[in-house]
Amino acid sequence: MPIGRLPRLQPLRLVLRSWPWGLLVLALVAVRLSKGAVLSDAYALLSRPFWPGTAQREWLQSGTGLELLTRQAHLEQDNRRLRMLLDLQRANPDKLTAAVISREPEGWWQQLVLGSGQAQGIGPGDAVVGPGGLIGRVASVTPTTARVTLLTDRTSRVGVWVGRTQRHGLLTGLGTSRPQLVFLEKDPQVRPGDLVVTSPASTLVPPGLSVGVLQAVDDKAVPAPTAVVQLSAPVGAIDWVQVLVTSPASRQAP
Amino acid sequence: MGVLHRLRWAVASAGVVPLLTLASPSFLKVAGVSPSWAVLWLLPWSLADGPLSGALAGVGLGLLVDSLQVGPETQIPALALLGWWWGRLARKGAPIERSLSLGLLALLGTLFLGLSLLLQRHGISLSEPLLRQAGLHTLLAQTLVTALLAPMICSLLLLLWRRQGAI
């Protein structure tokens, strides 16, 4: 075998023989150029049984809920402080839980009778709330009972506002299960589904209590547009309510 | 005037009317509206005790049930008139004991009572459609349920009072 041919043939044969290694290198280069796409996919496929489950999601949700509660408490406190600075709400109402001992949500008059009265500090005009929001206001009290006019009663008038468009209105009972909202402006720019809360400028009820949802809007009503409100508190099913007792000093104030 | 008003327990039985009005048992409601308990008590009382006693009982009952409501409307005139009418009816003709006539009298009485409340509330013009709808609903439901209960309750009360009072 001549000497000059060996060194030329040997590397070529070597290269030809090791073609699988070449393929591997090419594959590695491809992986590198694709920024590890195949690796990530393979890892995702393999680790799928060990992905974070529902338990972790619940922890996160409870954490978020706690954070929201803390923020809400903080904002409420802040709001109260600012309102006191503005002298809008003279005293913070105490919440008093009372049992519903008589209920007449339909009929000629819409009213409740509560099992707590003057002896517990309830006075005429106090707001009554239940699960879901405002129910009505105390009309009269005896030493041990209080009579509540529901929002649906014809004598009920409460100042409310639509938070989304920031429009004021007067919630008037009709005797039906859904009271009517009479707007103060010509063009309230509201639509069905808007939330209704008690007016921030109201002196009769604490501000910001949820009342209900707009169900139908009548733009063509004269003298002002009206809307039908579906109340959010189910009066027919509530056995215990909370009376927001205002202190006697602030009640006497105009 | 009959002798029923001399029986103290019979007069005291009127005290059940405000209690039942307050309790408003839900199984006796039609479309969420309770019967008029005042009518259900006043009808047998007037039939048994005559026009004057009926009218006075109507005034007394009216005072009682008015005190339980938040609204400014009153039921006194309607109840007094009904008591007087039913008392005259019993005085003039044969004793009314048939269940159907008791039901019819209760129906007419409740209709009259409801119309008087509607009239006080809206006046003669029932212009607002939503208000009218609510009023008519209550009127019809209360009339129906009172007329349905009257044959049962009124005939029982009438029987009891006639037997006890020996009228």
Side-chain angles (χ1 to χ4, degrees), chain A residues 99-115 124-125 128 135-142 144-157 171-182 215-216 218 221-223 226-229 234-239, chain B residues 18-39 62 65-75 78-79 110-111 113-123 126-146:
Chain A
V100 177
I101 58 173
S102 166
R103 191 198 316 264
E104 196 72 48
E106 288 185 60
W108 292 112
W109 297 274
Q110 284 75 32
Q111 59 180 14
L112 298 178
V113 180
L114 307 180
V128 179
I135 289 176
R137 291 177 63 217
V138 174
S140 61
V141 287
T142 66
T144 58
T145 67
R147 186 164 299 148
V148 179
T149 312
L150 296 177
L151 290 179
T152 48
D153 191 81
R154 286 185 65 256
T155 54
S156 163
R157 301 270 187 285
L171 192 72
T172 315
L174 295 174
T176 55
S177 58
R178 297 186 186 94
Q180 190 178 39
L181 174 51
V182 182
Q215 202 184 30
D218 183 5
V222 282
T226 60
V228 178
V229 176
V235 175
I238 292 177
D239 283 336
Chain B
L19 292 184
L20 277 173
T21 309
L22 275 179
S24 66
S26 54
F27 53 91
L28 291 179
K29 283 182 178 176
V30 165
V33 182
S34 305
S36 170
W37 297 106
V39 165
V65 289
D66 274 357
S67 68
L68 300 176
Q69 315 296 359
V70 286
E73 299 91 354
T74 173
Q75 308 185 31
L79 283 177
T110 318
L111 205 61
L113 183 68
L115 280 176
S116 86
L117 285 175
L118 261 187
L119 208 67
Q120 288 176 56
R121 187 168 281 192
H122 305 300
L126 283 168
S127 54
E128 185 77 41
L130 281 168
L131 280 178
R132 188 175 57 212
Q133 188 189 328
L136 286 181
H137 167 87
T138 311
L139 177 69
L140 284 178
Q142 191 166 50
T143 306
L144 274 177
V145 69
T146 312

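Just so it is clear: chains get the letters A, B, ... in the order the sequence lines come, proteins before strands, and each one is counted from 1.
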Between [X] and chain A, with a heavy-atom cut-off of 4.5 Å, which part of the residue counts as in contact: side chain, backbone, both or neither?
X      : answer
B/A141 : neither
B/Q142 : side chain
B/T21  : backbone

Decide side-chain contact (heavy atoms from CB on, under 4.5 Å) for B/L68 and A/R147; before the verdict, give the C-alpha distance in whole Å, the side-chain angles of both, and the deciding distance to 0.1 Å. CA-CA 9 Å; B/L68 300 176; A/R147 186 164 299 148; 4.2 Å; yes
For residues B/G32 and A/E104, report the shortest heavy-atom separation together with the two atoms involved. O-OE2, 4.5 Å
Partner residues of A/R178 under the salt bridge (Lys or Arg N to Asp or Glu O under 4.0 Å) criterion, sequence neighbours left out: none
Could you list the residues that satisfy salt bridge (Lys or Arg N to Asp or Glu O under 4.0 Å) with A/D239, not counting sequence neighbours? A/R103
Applying side-chain contact (heavy atoms from CB on, under 4.5 Å) to B/L139 and A/W108, what does each step give before you reach the verdict? CA-CA 8 Å; B/L139 177 69; A/W108 292 112; 4.0 Å; yes
Can you tell me how far apart OG1 (A/T155) and CD (B/Q69) are? Round to the nearest 0.5 Å. 11.5 Å
Applying the side-chain contact (heavy atoms from CB on, under 4.5 Å) criterion to B/L22, which one of A/V113, A/T145, A/I101 satisfies it? A/V113
Yes or no on side-chain contact (heavy atoms from CB on, under 4.5 Å) for B/K29 and A/E106, after CA distance, side-chain angles and deciding distance? CA-CA 10 Å; B/K29 283 182 178 176; A/E106 288 185 60; over 6 Å; no
